[in-house]
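Hydrogens, waters and symmetry mates are skipped; everything else that's a heavy atom, side chains included, is used.
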Amino acid sequence: MLILKKQSISGWGRVSEANVDIKIPSNNNELCEIINKESDNNLIARGLGRSYGDASQIDLGSVIQLSDDLYKQVKINFEEKTALCGAGISIGELLKMIVPSGFFVPVSPGTRYVTIGGAIASDVHGKNHHRDGSFGNHVNSIKLLDKNGKIVHLKKDCHDNDQYKKNLFRDTIGGMGITGIVLEAEINLIPIETSLIKVDTFRYESLDLLMDAMYEADEKYKYSVAWVDTLNEKNRGVLTCGDHAKVDQIGELRKKDPLAYDPKAIASTPNLFPSNFLNKFTVKAFNEAWYRKAPKIRKDELQEIGKFFHPLDGIKNWNLIYGKSGFIQYQFAVPDESSYLIQKTLKDLKRIGAPTFLTVLKRFGKGSSSPLSFPIAGWTLAIDIPNSVRGLKLELDKLDQEVISANGKVYLAKDSRMSKNNFLQMYPEFNNLKKKYLNNSPFMSDLIKRFL
């Protein structure tokens with residue numbers, strides 16, 4: 001076992017740091033030993049650290065990283081279209097194994113640097129939620145190390161006579177690590193003919209026109225996502241929609257190797273940006289260029305998987321552009337009848353002078369039964385905001401209350417500042433989960449600690 005004493009870590013937003021001992025077990029026996037020796041509420045599992053806030057850290061506690069090869073093993077069943085994955089393998093590593101064989105993950109978040117364990121704990125979503133739901137919808141089984149140091153095998157729809165296991169499977173998905181440590185999971189795969197995405201792009205001069213088009217895109221496309229120019233008076237935007245390209249839709253040259261897949265980071269962001277680098281002038285210039293870059297209409301463009309699903313992965317450490325103060329990604333979901341809150345939120349953030357150039361709007365389909373899972377049917381807006389903006393925390397607290405009034409939620413995997421009161425109104429089942437899983441348990445994160 002490797003133990004790295006007193007390491008300073010943070011979430012991807014770099015807002016709050018934690019001093020932790022990082023423990024890297026080489027097998028399950030060592031991991032069980034850690035669990036049995038750890039004091040109560042002092043331990044959390046951590047993947048690649050891409051949760052934006054404090055979900056995978058515990059200050060003055062211990063962090064478990066399943067980075068040994070044992071936790072990165074993958075067994076693919078081509079006939080069943082499934083993959084049995086170690087929790088420590090990333091989506092990017094998995095894609096390198098399955099894409100050349102004609103398969104893709106059922107749900108991909110905006111970065112490939114997410115482990116399978118993290119994808120389950122956060123119940124990540126992608127550009128296809130309106131059709132296919134979140135990651136947890138495609139998990140068939142989970143091998144979990146529970147708070148008692150015991151390995152529990154959980155299967156979807158196979159515990160009708162064992163209510164504890166049935167609930168444990170459900171609660172682990174989106175559970176942010178409170179039920180235990182995911183060791184392994186079987187997930188469904190989807191077949192693809194090529195590693196290219198056939199993409200249609202549309203530019204709209206107002207948010208109203210953009211949202212109308214997104215409603216229509218639900219029926220036409222498997223994947224859709226919109227970027228919004230928040231500094232424009234009408235909140236204009238660009239809608240990008242796509243489907244996996246078939247062999248007869250790609251060029252003759254590419255047909256020689258239709259499943260080629262080799263994503264690479266193309267640049268690195270230096271840690272030199274001051275906290276005020278992103279202001280209304282620099283962001284407005286960027287937004288203008290980005291909007292003009294998109295055609296009014298472009299159809300049948302062929303894009304690589306990396307460009308379509310993980311565009312920011314092309315720049316290493318892009319989070320450093322926000323400077324030492326870091327940034328907050330505020331992501332909320334509201335039902336269709338509360339879509340007015342999208343426009344109002346953008347207006348309120350403009351009022352306090354928040355420069356936001358990474359603003360993403362997506363459609364959600366039916367939500368999950370998992371109590372801490374984020375998606376609900378309707379809309380989700382994700383906004384990256386420099387943490388240095390004056391009055392930001394107070395404004396976000398107010399927005400939380402509006403989200404609650406609209407029967408919405410804030411995404412826990414992105415959160416670093418929500419109050420206990422607001423959290424409990426969004427996720428009322430948490431008190432039952434707390435009694436069930438956190439009493440006499442080694443597991444805890446700075447995120448969950450804020451809500452106790």
Side-chain angles (χ1 to χ4, degrees), residues 78 81 83 91-92 94-112 124-135 137-138 187-204 209-228 236-266 290-314 360-365 380 382:
F78 294 103
K81 301 175 186 175
I91 286 177
L94 179 61
L95 289 177
K96 287 182 179 180
M97 297 178 187
I98 64 175
V99 170
S101 297
F103 290 97
F104 193 67
V105 289
V107 171
S108 178
T111 173
R112 63 182 183 268
V124 296
H125 54 271
K127 298 175 175 66
N128 58 329
H129 192 281
H130 59 284
R131 286 200 180 180
D132 303 315
S134 52
F135 196 87
N137 290 73
H138 308 276
I187 65 171
N188 292 321
L189 304 176
I190 61 171
I192 55 175
E193 294 184 19
T194 77
S195 59
L196 297 172
I197 310 298
K198 187 165 71 71
V199 180
D200 293 347
T201 303
F202 309 92
R203 201 171 71 187
Y204 295 96
L209 291 174
L210 175 64
M211 293 177 72
D212 287 345
M214 292 180 73
Y215 271 120
E216 296 178 7
D218 280 359
E219 299 298 324
K220 297 179 181 179
Y221 300 94
K222 183 178 181 69
Y223 303 106
S224 68
V225 63
W227 167 81
V228 181
R236 62 190 178 183
V238 177
L239 174 61
T240 306
C241 306
D243 293 285
H244 292 282
K246 299 184 181 300
V247 171
D248 61 5
Q249 296 172 328
I250 65 176
E252 291 299 321
L253 183 62
R254 187 57 189 269
K255 285 181 182 179
K256 295 177 181 178
D257 192 6
L259 292 166
Y261 178 68
D262 185 24
K264 294 177 181 177
I266 59 175
W290 192 261
Y291 182 78
R292 296 299 173 191
K293 169 179 168 290
K296 190 168 184 180
I297 297 178
R298 179 171 58 206
K299 291 193 173 185
D300 299 332
E301 179 191 9
L302 295 176
Q303 291 186 11
E304 300 285 348
I305 283 172
K307 181 178 180 180
F308 184 79
F309 288 99
H310 317 124
L312 288 177
D313 286 350
V360 176
L361 184 63
K362 288 195 289 245
R363 296 279 298 146
F364 276 164
T380 181

Novice: Decide side chain to side chain contact (heavy atoms under 4.5 Å, CB included) for L239 and L361; before the verdict, give the C-alpha distance in whole Å, the side-chain angles of both, and the deciding distance to 0.1 Å.
Specialist: CA-CA 9 Å; L239 174 61; L361 184 63; over 6 Å; no
Novice: For E252, enumerate each residue passing the side-chain hydrogen bond (donor to acceptor under 3.5 Å, both in side chains) test, keeping only those at least two apart in sequence or located in another chain.
Specialist: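 Here the qualifying residues are K255.
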Novice: Restricting to salt bridge (Lys or Arg N to Asp or Glu O under 4.0 Å), what partner residues turn up for K299, sequence neighbours left out?
Specialist: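 Once residues adjacent in sequence are excluded, K299 has no partner under the salt bridge (Lys or Arg N to Asp or Glu O under 4.0 Å) criterion.
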Novice: When you look at I187 and L94, which way does the side chain to side chain contact (heavy atoms under 4.5 Å, CB included) test go after all the steps?
Specialist: CA-CA 11 Å; I187 65 171; L94 179 61; 3.9 Å; yes
Novice: Within this structure, what is the CH2-CZ distance for the pair W227 and R236, rounded to the nearest 0.5 Å?
Specialist: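 Spacing of CH2 (W227) from CZ (R236) equals 6.5 Å.
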Novice: Apply side chain to side chain contact (heavy atoms under 4.5 Å, CB included) to I305 and F104, showing your working.
Specialist: CA-CA 10 Å; I305 283 172; F104 193 67; 3.8 Å; yes
Novice: Indicate yes or no for a side-chain donor-acceptor contact from R131 to the backbone of Y221 under 3.5 Å, with no hydrogens or angles considered.
Specialist: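 Yes.
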Novice: Do you know the tightest heavy-atom contact between V238 and L210?
Specialist: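 For V238 and L210, the tightest heavy-atom pair comes out as C-CD1, 4.4 Å.
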Novice: For A260, does its backbone N or O pair with a side-chain atom of S195 as donor and acceptor, under 3.5 Å?
Specialist: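 The answer is yes, because a donor-acceptor pair under 3.5 Å joins these two groups.
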Novice: State, with a plain yes or no, whether a side-chain heavy atom of I297 is found less than 4.5 Å away from one of T201.
Specialist: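 They are not in contact (no side-chain heavy atoms under 4.5 Å apart), so the answer is no.
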Novice: Would you be so kind as to tabulate the donor-acceptor pairs closer than 3.5 Å made by side chains of residues 241-249, with sequence neighbours excluded?
Specialist:
residue: D243; atom: OD1; partner: K222; partner atom: N; Å: 2.9
residue: H244; atom: NE2; partner: Y223; partner atom: OH; Å: 2.7
residue: Q249; atom: OE1; partner: K246; partner atom: N; Å: 2.9

Novice: To the nearest 0.5 Å, tell me how far N128 CG sits from I190 CD1.
Specialist: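 So the gap between those two atoms works out to 7.0 Å.
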Novice: Using the side-chain contact (heavy atoms from CB on, under 4.5 Å) rule, pick out the option among Y261, F309, F103 that qualifies with L95.
Specialist: Y261
Novice: In chain order, what residues pass the side-chain contact (heavy atoms from CB on, under 4.5 Å) check against P100, with sequence neighbours excluded?
Specialist: none
Novice: So, using salt bridge (Lys or Arg N to Asp or Glu O under 4.0 Å) as the criterion, who are the partners of R254 when residues are at least two apart?
Specialist: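 Counting only residues at least two positions away or on another chain, R254 forms a salt bridge (Lys or Arg N to Asp or Glu O under 4.0 Å) with E304.
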Novice: Go through it in stages, so that I can follow the logic: the residues are E193 and I250, the test is side chain to side chain contact (heavy atoms under 4.5 Å, CB included), and I'd like the CA-CA distance, side-chain angles, deciding distance and then a yes or no.
Specialist: CA-CA 10 Å; E193 294 184 19; I250 65 176; over 6 Å; no
Novice: Can you tell me how far CD1 of I192 sits from CG of L259, rounded to the nearest 0.5 angstrom?
Specialist: 5.5 Å
Novice: According to side-chain contact (heavy atoms from CB on, under 4.5 Å), who are the partners of H130, at least two apart in sequence or on a separate chain?
Specialist: D218, S224, R363
Novice: So, taking the atom named CG in L189 and the one named NZ in K81, what distance separates them when rounded to the nearest 0.5 Å?
Specialist: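 Interatomic distance, L189 CG to K81 NZ, rounded to 0.5 Å: 10.0 Å.
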Novice: Do any N or O atoms from the side chain of N137 and from the backbone of S134 form a donor-acceptor pair under 3.5 angstrom?
Specialist: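 Indeed, once roles are kept as given, a pair shorter than 3.5 Å links the two residues.
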Novice: Check H310 against S108 and note the closest heavy-atom contact, atom names and distance.
Specialist: NE2-OG, 2.7 Å
Novice: Report the relative orientation of the aromatic rings in F364 and H125; use parallel for angles under 30°, tilted for 30 to 60°, perpendicular for over 60°.
Specialist: perpendicular
Novice: Could you state the interatomic distance from NZ (K307) to CG (L302), rounded to the nearest 0.5 Å?
Specialist: 10.5 Å
